[in-house]
K.L.:
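Here it is, the structure, as structure tokens.
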Amino acid sequence: MSDEAATTGKSLLTPFNVIAGIIVIMGLFITVMRFTRGLGAVTNLSDYNPWGIWIGFDLLVGVALAAGGFVTSAAVYIFGMKKYHSAVRPAILTGFLGYAMVVVALNYDVGRPWRLPFPFIVQQGTTSLLFEVAACVALYLTVLFVEFSPAALEWLGLKRARNIIIRLTLLLTIFGVVLSTLHQSSLGALFLIAPSKLHPLWYSPYLPVYFFVSSIIAGLSMVIFESTLSHRYFKDKMDAAHLAEKDEVALGFGKAAALVLAGYFIVKLIGVSQGNGWHLLATSYGAWFLLEMLGFVALPCFLYAVGVREKNLKLIKWTAAWTVLGIIVNRLNVGLIAFNWQLPSAERYFPHWMEIGISVFLVTVGLIAFRFIVTRMPIMYAHKDYDETT
Amino acid sequence: MSISRRKFLGWLGAAGMGTALGKKATAATNKHFKGYANSNGVLYDNTRCIGCRKCELACNKVNELPSPQQSFSDMEVMNVPRRTTAKAYTVVNRYDGIPGAKGPQYRKIQCNHCLEPACASVCFVRAFTKTPKGAVVYDPSVCVGCRYCMVACPFNIPAYEYDNAFSPRVMKCTMCYPRIVKGLLPGCVEICPTGALTYGSRRDLLKIARERIRRFPGRYVDHIYGETEMGGTSWLYLSAVAFNKIGMREDLGVTPAPQFTAGALSAVPIVVGLWPVLLGGIYAINKRREKIAQQEKTQAVDSALEKARAEAAGQLSAAKQKAEAEKTVAIEKAVSKALEEEAEKSAAGTADTRAEDAAKKSSEEES
């Protein structure tokens with residue numbers, strides 16, 4: 001941060017820096033607490049509620065919202081929608097930082113983080129969906145790192161390495177889509193084991209399908225959302241091509257999101273039908289379910305469609321933000337709110353402020369890293385030495 | 001590209017097989033695992049339980065767990081329902097005021113040692129093992145501490161050492177496995193003063209339980225809890241009252257936990273195998289479409305150029321012809337004009353000579 005301030009000649013005490021600084025200090029404090037005094041000292045986790053927001057938010061939401069990388073690179077490199085090319089690098093970067101945050105968060109959540117490689121090197125529990133998630137996330141983080149690396153290599157001026165990686169683009173993209181399909185769906189499949197604990201409106205044998213389909217919605221919406229924010233704060237870093245394609249991206253991705261949301265709505269209905277859960281809609285959990293379905297699936301589907309039809313970019317951008325919120329609601333529902341719904345309220349989980357603190361800390365570190373990278377590397381503009389269309 | 005794609009597919013195939021191997025998928029078969037033959041279990045008969053908490057005491061001792069704040073002779077702790085914790089592998093709860101029950105009802109809680117345990121199926125380091133003896137045991141030396149076992153357990157049994165910063169473990173009843181292998185009884189069974197707990201072969205325990213229900217139909221609910229719940233458990237229960245009245249869920253079903261995830265797991269190698277084909281196909285189709293579009297574009301440009309060229313050439317030749325024609329006409333005109341002029345000239349000349357001749361002739365005649 002410091003050299004940026006030095007080069008721009010501004011004071012270090014910008015509002016962003018001050019707030020981020022406070023959050024980072026708080027995060028470091030909780031980090032020390034977590035690793036010296038154990039999970040019990042900083043979390044409200046219990047024997048009934050072994051997974052809190054570090055799983056419900058950091059892992060489930062984090063991975064879903066980082067889906068923009070595979071969605072965008074698949075659209076451009078596999079489906080041949082080259083007009084969205086300028087959206088690839090920001091999406092890959094967001095995905096990479098998102099997954100990196102997820103992995104860091106897991107180090108906080110598991111009891112003995114130094115053993116995280118054990119499932120690969122000591123004993124493989126291949127009957128566990130968590131094994132699949134772990135394997136895919138580890139591999140996909142690597143893929144995202146490689147996919148992101150050309151930007152860093154261009155920045156560092158390492159042309160040969162950069163060109164070798166660019167040649168792997170298609171391979172990496174296909175690999176990324178395979179891995180994303182697997183672990184996005186497996187995050188939903190994690191809960192298949194517990195039909196007696198997850199509320200029947202959310203529990204469905206289709207959970208993996210729901211998680212995969214909604215991750216595409218999350219990816220599409222995050223690209224629009226991230227692009228809106230970037231345009232606001234990093235407009236000077238965008239080149240003419242990026243600025244020209246930006247609205248095209250919002251329209252195209254908005255259209256795709258409307259379609260996928262419609263499909264998602266239908267398969268969710270099929271799930272309720274298949275589980276014969278109609279009578280549950282009249283309960284309080286049913287009302288919450290209906291709110292999720294109508295407010296965060298049907299409504300954004302409609303708003304995206306209207307926005308695209310009328311070329312109303314403002315509406316599309318707001319809808320993207322709303323949809324991202326809807327994904328957060330869905331993941332928290334499955335992971336925390338509708339999970340253990342039968343327990344008496346005294347046994348239910350509510351996060352400790354330090355758990356929230358770590359989640360906020362990690363998101364903040366992600367934002368700082370994002371800012372550090374986009375202000376230095378060719379993310380929102382093509383490097384002058386390279387043909388960006390490759 | 002061609003080499004690496006083939007290699008890549010090979011790797012993916014290998015990865016898919018790797019995932020497919022190492023697990024016994026039963027989802028698509030009609031195989032039904034009924035548990036290890038001659039595996040042991042414990043029968044808990046709630047009608048014989050007096051809630052003395054001696055089993056809790058013995059459990060605490062043989063497992064070397066920390067002694068609780070309230071002693072095991074203090075019956076006050078049973079005023080609220082409890083669950084297993086990292087410091088108590090088993091607890092006995094008391095349920096008062098159940099309609100139709102003679103006095104308070106008790107229920108002992110500990111690991112049920114499922115025939116196909118959810119905890120073992122979801123552990124990504126295989127820290128849990130269902131031993132052929134019947135006990136489900138845990139190996140803390142590989143545990144990462146993800147606590148998925150706790151999420152998965154339908155009976156809410158495993159507990160975690162949340163306050164241990166450096167070596168937290170999942171804690172649960174081991175059916176006193178270390179004692180069993182030595183030929184001893186589980187601690188709780190050994191101490192039980194009323195014979196509420198019986199250790200033995202699960203098959204025999206089922207027979208004993210059925211016999212008790214047959215002999216005292218008024219004393220028992222006609223159900224052996226654990227015979228089929230979640231595919232069957234090694235711990236079996238008899239009760240005087242409906243099981244859900246003593247905090248035991250009756251809605252768990254008879255499906256062994258691993259079957260809930262078998263479908264999703266079996267989809268993994270299929271995705272790994274087919275996605276590259278599908279995506280590669282889509283890529284190839286798009287590439288081809290682009291190529292054809294490019295070709296059509298070039299063709300269109302070429303033909304347009306050709307047409308323009310032909311047109312231009314046509315115009316040129318037309319203009320040339322026109323010019324030629326005009327030239328010919330002009331030449332013809334000029335020639336004919338010249339000829340005419342010449343003709344006129346010569347005609348005039350003849351007339352003159354004729355006149356001259358005529359004049360000569362007349363003058364000659366006059367003279």
Side-chain angles (χ1 to χ4, degrees), chain A residues 34-41 43 45-48 50-51 74 77-80 106 109-113 115-116 118-119 122-132 134-135 167-168 170-171 173-175 177-178 181-182 185-186 188-197 205 207-208 339, chain B residues 1 4-5 8 12 18-19 21-23 83-86 118 121-127 142-148 150-152 154 156 158-168 249 251-253 257-258 260-261 263-265 267-268 271-272 275-276 279-280 282-283 286-287 289-290:
Chain A
R34 154 67 187 91
F35 289 105
T36 53
R37 299 172 64 181
L39 283 165
T43 70
L45 297 176
S46 66
D47 292 332
Y48 276 122
W51 286 355
Y77 296 124
I78 294 174
F79 292 85
L106 285 178
D109 185 75
V110 302
R112 307 194 203 193
R115 286 184 176 177
L116 274 170
F118 274 28
V122 178
Q123 278 189 137
Q124 292 78 31
T126 49
T127 57
S128 173
L129 280 151
L130 199 60
F131 179 80
E132 199 207 321
R167 247 176 273 142
L168 296 172
L170 178 65
L171 201 70
T173 305
I174 291 181
F175 202 29
V177 176
V178 170
T181 308
L182 291 177
S185 60
S186 293
L190 285 181
F191 294 93
L192 286 179
I193 197 78
S196 59
K197 292 185 181 178
L207 263 174
F339 191 80
Chain B
M1 197 69 235
S4 55
R5 186 179 298 171
F8 172 65
L12 285 184
T19 325
L21 295 171
K23 80 181 164 80
R83 61 154 288 160
T84 53
T85 66
S121 108
V122 300
C123 183
F124 69 166
V125 278
R126 281 189 284 134
V142 292
C143 178
V144 181
C146 72
R147 308 184 299 285
Y148 192 16
M150 299 164 68
V151 167
N156 280 322
Y160 200 62
E161 293 183 311
Y162 287 107
D163 293 324
N164 185 334
F166 302 107
S167 54
R249 291 186 65 168
D251 59 348
L252 295 177
F260 293 123
T261 53
L265 281 169
V268 172
V271 169
V272 173
W275 247 222
L279 297 169
I282 292 168
Y283 171 78
N286 276 312
K287 194 85 183 162
R289 203 160 55 183
E290 259 172 40

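In what follows, chains are A, B, ... by sequence order, proteins preceding strands, each numbered from 1.
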K.L.:
Which one, A/Pro208, A/Ser196, A/Gly80, A/Gly38, leads in non-hydrogen pairs under 4.5 Å with chain B?
P.N.:
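Heavy-atom pair counts peak at A/Ser196.
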K.L.:
So, taking the atom named OH in B/Tyr148 and the one named CD1 in A/Ile193, what distance separates them when rounded to the nearest 0.5 Å?
P.N.:
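Going from OH on B/Tyr148 over to CD1 on A/Ile193, the span is 6.0 Å.
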K.L.:
Please name the pair of heavy atoms, one in A/Thr181 and one in B/Val271, separated by the smallest distance, quoted to 0.1 Å.
P.N.:
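What the structure gives for the nearest pair is CG2-CG1, 4.0 Å.
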K.L.:
Which value, rounded to the nearest 0.5 Å, describes the distance between A/Lys197 atom NZ and B/Leu252 atom CG?
P.N.:
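If we round to the nearest 0.5 Å, A/Lys197:NZ and B/Leu252:CG are 10.0 Å apart.
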K.L.:
What heavy-atom pair brings B/Pro276 and A/Ile174 nearest, and what distance separates the two atoms?
P.N.:
CA-CG2, 3.9 Å
K.L.:
Check the pair A/Leu182 / B/Trp275 against side chain to side chain contact (heavy atoms under 4.5 Å, CB included), numbers first and verdict last.
P.N.:
CA-CA 10 Å; A/Leu182 291 177; B/Trp275 247 222; over 6 Å; no
K.L.:
Of the non-hydrogen atoms in A/Arg37 and B/Ala165, which two are nearest, and what is the gap between them?
P.N.:
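That would be C-CB, 3.6 Å.
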K.L.:
Just give me the residue among A/Thr173, A/Val122, A/Val110 that pairs up with chain B most often, heavy atom to heavy atom, under 4.5 Å.
P.N.:
A/Val110
K.L.:
Taking atom CD of A/Gln123 and atom SG of B/Cys123, what is their separation to the nearest 0.5 Å?
P.N.:
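Rounded to the nearest 0.5 Å, the CD-SG separation comes out at 8.5 Å.
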K.L.:
Minimum heavy-atom separation for B/Cys146 and A/Trp51, please, with both atom names.
P.N.:
O-NE1, 2.8 Å
K.L.:
Could you report the tightest heavy-atom contact between B/Arg126 and A/Gln124, atom names first, then the distance?
P.N.:
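Taking every non-hydrogen atom into account, NE-O, 2.9 Å.
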K.L.:
Out of A/Gly40, A/Gly188, A/Pro119, which one racks up the most heavy-atom pairs below 4.5 Å with chain B?
P.N.:
A/Pro119
K.L.:
State the OH-OG distance between B/Tyr162 and A/Ser46, to the nearest 0.5 angstrom.
P.N.:
6.0 Å
K.L.:
What are the two closest non-hydrogen atoms of A/Phe118 and B/Val142, and how far apart are they?
P.N.:
CD2-O, 3.5 Å
K.L.:
Under 4.5 Å, counting heavy-atom pairs only, tell me which of A/Ala135, A/Ala134, A/Ser128, A/Ser186 racks up the most with chain B.
P.N.:
A/Ser128
K.L.:
Counting heavy-atom pairs under 4.5 Å to chain A, which of B/Ser167, B/Ala257, B/Ala86, B/Gly253 comes out on top?
P.N.:
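Winner by heavy-atom pair count: B/Ser167.
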K.L.:
Considering only heavy atoms, which portion of A/Pro195 lies under 4.5 Å from any heavy atom of chain B: side chain, backbone, both, or neither?
P.N.:
side chain
K.L.:
Can we say A/Asp109 and B/Arg147 salt-bridge, meaning some charged N sits less than 4.0 Å from an Asp/Glu carboxylate O?
P.N.:
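A salt bridge links A/Asp109 with B/Arg147.
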K.L.:
Side chain, backbone, both or neither: which part of B/Glu290 has a non-hydrogen atom closer than 4.5 Å to chain A?
P.N.:
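Contact with chain A involves the side chain of B/Glu290 alone.
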K.L.:
Just so I understand: if I count every heavy-atom pair under 4.5 Å between each of B/Ile282, B/Thr85, B/Asp251, B/Asp163 and chain A, which residue has the most?
P.N.:
B/Ile282
K.L.:
Is it the side chain or the backbone of A/Leu190 that comes within 4.5 Å of chain B heavy atoms, both, or neither?
P.N.:
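Both the backbone and the side chain of A/Leu190 come within 4.5 Å of chain B.
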K.L.:
Please identify, among B/Asn164, B/Val151, B/Thr261, the residue contributing the most non-hydrogen atom pairs under 4.5 Å to chain A.
P.N.:
B/Val151
K.L.:
Can you tell me which portion of A/Val177 sits under 4.5 Å from chain B's heavy atoms? Options are side chain, backbone, both or neither.
P.N.:
both
K.L.:
When rounded to the nearest 0.5 angstrom, what is the spacing between CZ in B/Phe260 and CG in A/Leu129?
P.N.:
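Those atoms lie 13.5 Å apart.
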K.L.:
Using non-hydrogen atoms and a 4.5 Å limit, figure out which bit of A/Ser185 sits close to chain B: side chain, backbone, both or neither.
P.N.:
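It is neither, since no heavy atom gets under 4.5 Å.
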K.L.:
Roughly how far apart are B/Leu279 CG and A/Ile78 CD1, rounded to 0.5 Å?
P.N.:
4.5 Å
K.L.:
Below 4.5 Å from any heavy atom of chain A, which atoms of B/Thr84 appear? Answer side chain, backbone, both or neither.
P.N.:
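The backbone, not the side chain.
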K.L.:
Quick one: which of B/Ala264, B/Pro168, B/Ala159 has the most heavy-atom pairs under 4.5 Å with chain A, could you say?
P.N.:
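If we count pairs closer than 4.5 Å to chain A, B/Pro168 comes out on top.
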K.L.:
Starting from the C-alpha separation in whole Å, work towards a yes-or-no answer on side chain to side chain contact (heavy atoms under 4.5 Å, CB included) for B/Asn156 and A/Asp47.
P.N.:
CA-CA 8 Å; B/Asn156 280 322; A/Asp47 292 332; over 6 Å; no
K.L.:
Does NZ or CZ of B/Arg83 lie under 6.0 Å from the centre of the six-membered ring of A/Tyr48, at an angle within 45° of the ring axis?
P.N.:
yes
